[in-house]
**Student:** 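Sharing a structure, written as C-alpha cells. Questions coming.
Note that this is a predicted model, so its numbers are computed, not measured. Both ligands and their constituent atoms are indexed starting at 1 by order of listing. Atoms considered below: every heavy atom in the structure, side chains included; atoms not considered: hydrogens, waters and symmetry mates.
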Amino acid sequence: MPEKKKFYITTPIYYPSDKLHIGHAYSTVATDAMARYKRLTGCDVMFLTGTDEHGQKIEDKAKAAGVTPQQYVDNIVDGPRGVRDLWKLMNISNDRFIRTTDDYHVAAIQKIFKAMYDKGDIYKGTYQGKYCKDCEAFWTETQLVDGKCPDCGRPVQDAQEEAYFFRLSKYADRVQHLLEDTDFLEPRSRVNEMVNNFIKPGLEDLCVSRTSFKWGIPVDFDPGHVVYVWIDALFNYTTALGFMNDKYHDFDKFWPADVHFIGKEIVRFHSIIWPAMLMSMDLPLPKKVFGHGWLLLDGGKMSKSKGNVVDPYLLAERYGVDALRYFLLREFPFGTDGNFSNEALIGRINTDLANDLGNLVSRTTAMVGKYFGQNLPGCADADPAMDGELMDLARGLRDLYEEQMEHYAFQNALMEIFKLIGRANKYIDENKPWLLAKDEAQKPRLARVLYNLLECVRISAVLLTPFMPDTCQKIFEQIGAGEELRTWASAKEWGLLPVDAPVQKGNGLFPRIDMEKELKELEEMHKKPVEAEAPKAEVPAEPEYITIDEFNKVKFVTAKILACEAVPKSSKLLRFTLDCGEGIPRQILSGIHEYYEPEELVGKTVVACTNLKPRKMMGIMSNGMLISAVKEEPDGSEKLHLIMLDDKVPAGYGLC
Ligand code: ME8
C-alpha cells in the first residue's frame, strides 16, 4: 500500500482571557472542515488546536477575579462551557490540543530560547517603546495609528525595561524573498501589506522577554525575565509534535506544517516573525500561512471589551451545530471580512438548508416510500435527453469541489455542491414523478428518476461531510448508503448506490424558521447582557482571608506530653497532661484514641492551641486543643496525624 500523504494543519491557539465567541469558532470550524476534507481524500491528518495561556492580560484578569492565573485559565479552558466544551459541541475533530502551560511545552520553550540565545540571535538590551496591553504587542511610534494600537485602536503605554531581543533584522531579506517570491502567504493581497508596512520601513529587532509581569515561561538562565508571548505561542506548532520534548514523537513525520490558518491581525507574527524564528532554529518553514478575514458585527470587530460578541453556544443550541458550521463557511469568502447577522444566518438556514437540501432529501425519500415502499424496483435506462445534464453535473462535481477546497475557497466549494442540489430539485419539477406514478407503464422510468435523485443526494452528502458531519450521517442512513458509498472515490462514481438500497424517510433535517418571530425573540434576548444567556463558568470563589492581627489572636505553643490516658467510657477521647511552659501542667482532651495508644505518646512534643475557650467533654474539662494534620478521604473517613516536633524543641515556645 502506498504511504498516505501527510497533512498538518493548525488553528491559532486561543487566549483564554475570556470565553470564546463566534469569531473564534470561525477559525476553528474552517480548520476542522479542511482537516475532515483531507481525511476524506485519504490523507494522514494531524489537526492541532489549543490555548495560549500566558501574558499580562491573563495575570491581570486572574488578579481581578481573586484567583491564580493557572486557576483562571484552567476554568476557561476546562471548566463548564469552556474552550474544550465548545470544540466538542461544534464537532471539532482536532487530533491534539496544546496548552502553553503544559509542562512539556514550558520546558521546550526554555530550550528553544536558550538555543537562539547561544546562537547569538537573542541578546539583552533595553526596551523602549509603546505597548498595547490588549494585543500584547509592542509597537514603534511609526507603527501607531493616531497614536493608538494599529490592531485594536486602543491607547498604548510607554514602556522601558531590560529585555531580551530577537535579531529579526538579520532575517529581513530572507523573509522578504519568502513573501514576495513564493506563495507562502495567502491571500496574496496580504503580502503587499506585510512588505510595505513592516519590512520595507526596516525590520526592528523584536522584544522577546518581559520583567514587568510574572505569568510567563521563566527564562531559566536569567531569573526575573519571562519569555514574551510570541516565542512561547508560535513554537506551539512544533512542541505539540514533540520538538525539543519527549511528550510526542511525530515532529519528523508532520513538520513542516502544510498550513496555518490564522486571523488577519496575526498575519504579521506568522508571516514575518515565525519564519525568521524558524530560520534561526534551522528548521524547515511551514508550507503556507493563510490569513482569513474577520467576522464583523455592525461593521466592527467582535470583542469582549466592546461588548458586541456573539455567543457560539447560544447559536449552536438554537439553530444546530451543522447549520452554524455551514453558515460560517458558506456566507463569507474565507479570505475577507464578513458582517455577521442573525438575519443572514436564518436566511441561509431557510433557503439553502431547509428549502434546497432538506427538501431534496425529504421529497426524494418520501417519494420512494410512497411509490415503491422501502426499495426501488429495477429502473429504466437513463434517458440522455432528460437525465444527461444532471448526471454530468454530479460526475463532474468532485473535481470542481476539490479545486476550490485545495484553495481554501470553502464558499465556492459549497456553491458547487448546491448547484447540483438546485439542479436536482429542478429535475423533480421537470420529470413530475407524481404524474409518472399514475401510469403503471411508467413505473420503471419513475424508479430511474428517483434513483438519479438518490445518487445526487449521495454524492452531495459525501462532499458535504466535512462541513456538516452529523447531517450527512443522517442523510446516508435515510438513503441506505453504506460506508463504502460515503468515500472520496465513490463521490466521483455515478451509479454506485444499489437500486434496492433500503430507503427510509427520516425527520426533516432543517426545520424552517419564522424569521420575523425569531428576530423579535433574539432582540429581546440581546437586551439582556451577553453573559446572562450562558451560565457563567464558575471562577473559584475568592478565598476568605484573615488579617495578621486575627491570625495572631490564636495562641499556639509547643507542649510536652507529661501523661496520657484513655477517658473512661469514651472510645475516642484521650486525656493529656501537658507542659506548656506555664509553670503548672495543662489538661487537654483530644479525640484521637483510634489513631494512637496513650503510652506511645508520653514524652512527645506536640503543638497546642491554648486560648481556645475551655469546654467540658464527658464531664472532664479540656483547656485547649492539640493540633493534628487531618485528611478527609473520599469515603468520608479521616486520616489523622498528631503534629509532633523534634524532641529538642523545648515546651512553651510560641509559634509564628
Ligand atoms: O490571537 N472573526 O488569540 P485570540 C474572525 N493567541 N476571527 C477572529 C475573530 C473574529 N471576529 N476574533 C478572533 C491570538 N478571531 C493568539 C494566537 S497563534 C500562535 C497565537 C481569531 O484568541 C483571530 O483572528 O485573540 C485569531 O486568529 C484567533 O481567533 C485567536 O485569537
Side-chain angles (χ1 to χ4, degrees), residues 9-32 48-58 61 73 76-77 82-83 86-87 90 92 97-101 105 109 112 132-137 149 151-152 154 190 216 227-240 257 259-275 277-278 286 289-312 315 327-329 331-341 410:
I9 184 167
T10 66
T11 69
I13 46 170
Y14 298 87
Y15 280 127
S17 60
D18 283 304
K19 294 276 157 177
L20 301 193
H21 55 67
I22 192 71
H24 299 113
Y26 180 56
S27 265
T28 312
V29 166
T31 316
D32 185 63
L48 173 71
T49 187
T51 42
D52 176 10
E53 306 187 357
H54 293 120
Q56 181 156 17
K57 195 151 75 175
I58 285 173
K61 290 249 176 177
V73 290
I76 298 192
V77 176
V83 179
L86 178 60
W87 296 156
M90 295 298 291
I92 301 301
F97 189 100
I98 186 171
R99 298 182 60 180
T100 56
T101 50
H105 174 80
I109 291 300
I112 291 167
C132 173
K133 215 162 136 177
D134 288 278
C135 298
E136 307 213 21
C149 172
D151 274 352
C152 72
R154 295 199 188 89
R190 308 225 185 269
V227 177
Y228 169 61
V229 68
W230 285 103
I231 289 190
D232 173 6
L234 286 164
F235 275 97
N236 91 85
Y237 300 132
T238 62
T239 60
V259 61
H260 296 308
F261 276 0
I262 52 158
K264 64 178 188 178
E265 85 283 17
I266 52 176
V267 164
R268 178 169 78 99
F269 303 105
H270 282 78
S271 67
I272 298 178
I273 295 170
W274 182 219
M277 285 179 175
L278 289 167
V289 166
F290 191 98
H292 66 70
W294 283 343
L295 286 195
L296 306 174
L297 256 192
D298 310 321
K301 193 179 176 215
M302 276 174 219
S303 88
K304 194 82 176 185
S305 51
K306 285 190 203 159
N308 67 350
V309 293
V310 177
D311 180 2
L315 295 176
F327 168 74
L328 289 174
L329 298 179
E331 188 70 14
F332 316 107
F334 193 46
T336 55
D337 292 350
N339 212 24
F340 178 91
S341 77
F410 302 111

**Student:** I need the minimum non-hydrogen distance between P12 and F261, along with the two atoms involved.
**Tutor:**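 Result for this residue pair: CD-O, 3.1 Å.
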**Student:** Can you tell me how the ring of H270 sits relative to the ring of W230, calling it parallel under 30°, perpendicular over 60° and tilted otherwise?
**Tutor:**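 Correct class here is perpendicular.
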**Student:** Can you tell me which portion of F261 lies within the under-4.0 Å heavy-atom range of ligand 1? Options are side chain, backbone, both, or neither.
**Tutor:**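 Looking at F261 and ligand 1, no heavy atom falls under 4.0 Å.
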**Student:** State the atoms of ligand 1, each with its element, that fall below the 4.0 Å cut-off from a heavy-atom position in D52.
**Tutor:**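 Near D52, meaning under 4.0 Å from one of its heavy atoms, ligand 1 has 6 (N), 16 (C), 20 (C).
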**Student:** Residue-level breakdown please: for I266 versus ligand 1, do any non-hydrogen atoms fall below 4.0 Å on the side chain, on the backbone, on both, or on neither?
**Tutor:**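 Answer for I266: side chain.
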**Student:** Might you point out which heavy atoms bring E53 and P16 nearest each other, and give the distance in Å?
**Tutor:**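 Minimum heavy-atom contact is CG-CG, 3.9 Å.
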**Student:** Give the atom numbers and elements of ligand 1 that come within less than 4.0 Å of a heavy atom of E265.
**Tutor:**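 Under 4.0 Å from E265, ligand 1 has these atoms: 23 (C), 24 (O), 26 (C).
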**Student:** Is the distance between the ring centroids of F327 and Y26 less than 6.0 Å?
**Tutor:**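 No, too far apart.
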**Student:** If you measure every N or O of Y14 against every N or O of ligand 1, does any of those distances drop under 3.5 Å?
**Tutor:**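 In fact, backbone or side chain, Y14 has no N or O that close.
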**Student:** Grab the two heavy atoms, one from L234 and one from F269, that are nearest each other, plus how far apart they are.
**Tutor:**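 Smallest heavy-atom distance, with atoms named: CD1-O, 3.8 Å.
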**Student:** Under 3.5 Å, is there a donor on one side chain and an acceptor on the other for H105 and T100?
**Tutor:**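 Checked: H105/T100 side chains show no N/O donor-acceptor pair below 3.5 Å.
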**Student:** Which of the atoms in ligand 1, numbered in the order shown and given with their element, are less than 4.0 Å from a heavy-atom of H292?
**Tutor:**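 So the atoms of ligand 1 that pass are 5 (C), 7 (N).
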**Student:** Within the 4.0 Å heavy-atom shell around G293, which atoms of ligand 1 are there?
**Tutor:**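 Listed by number with element: 5 (C).
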**Student:** Which of the numbered atoms in ligand 1 are below 4.0 angstrom from a heavy atom of H21?
**Tutor:**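 Reading through ligand 1 atom by atom, the close ones are 9 (C), 11 (N), 12 (N).
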**Student:** Under a 4.0 Å heavy-atom limit, does F269 contact ligand 1 with its side chain, its backbone, both, or neither?
**Tutor:**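 No part of F269 comes within reach of ligand 1.
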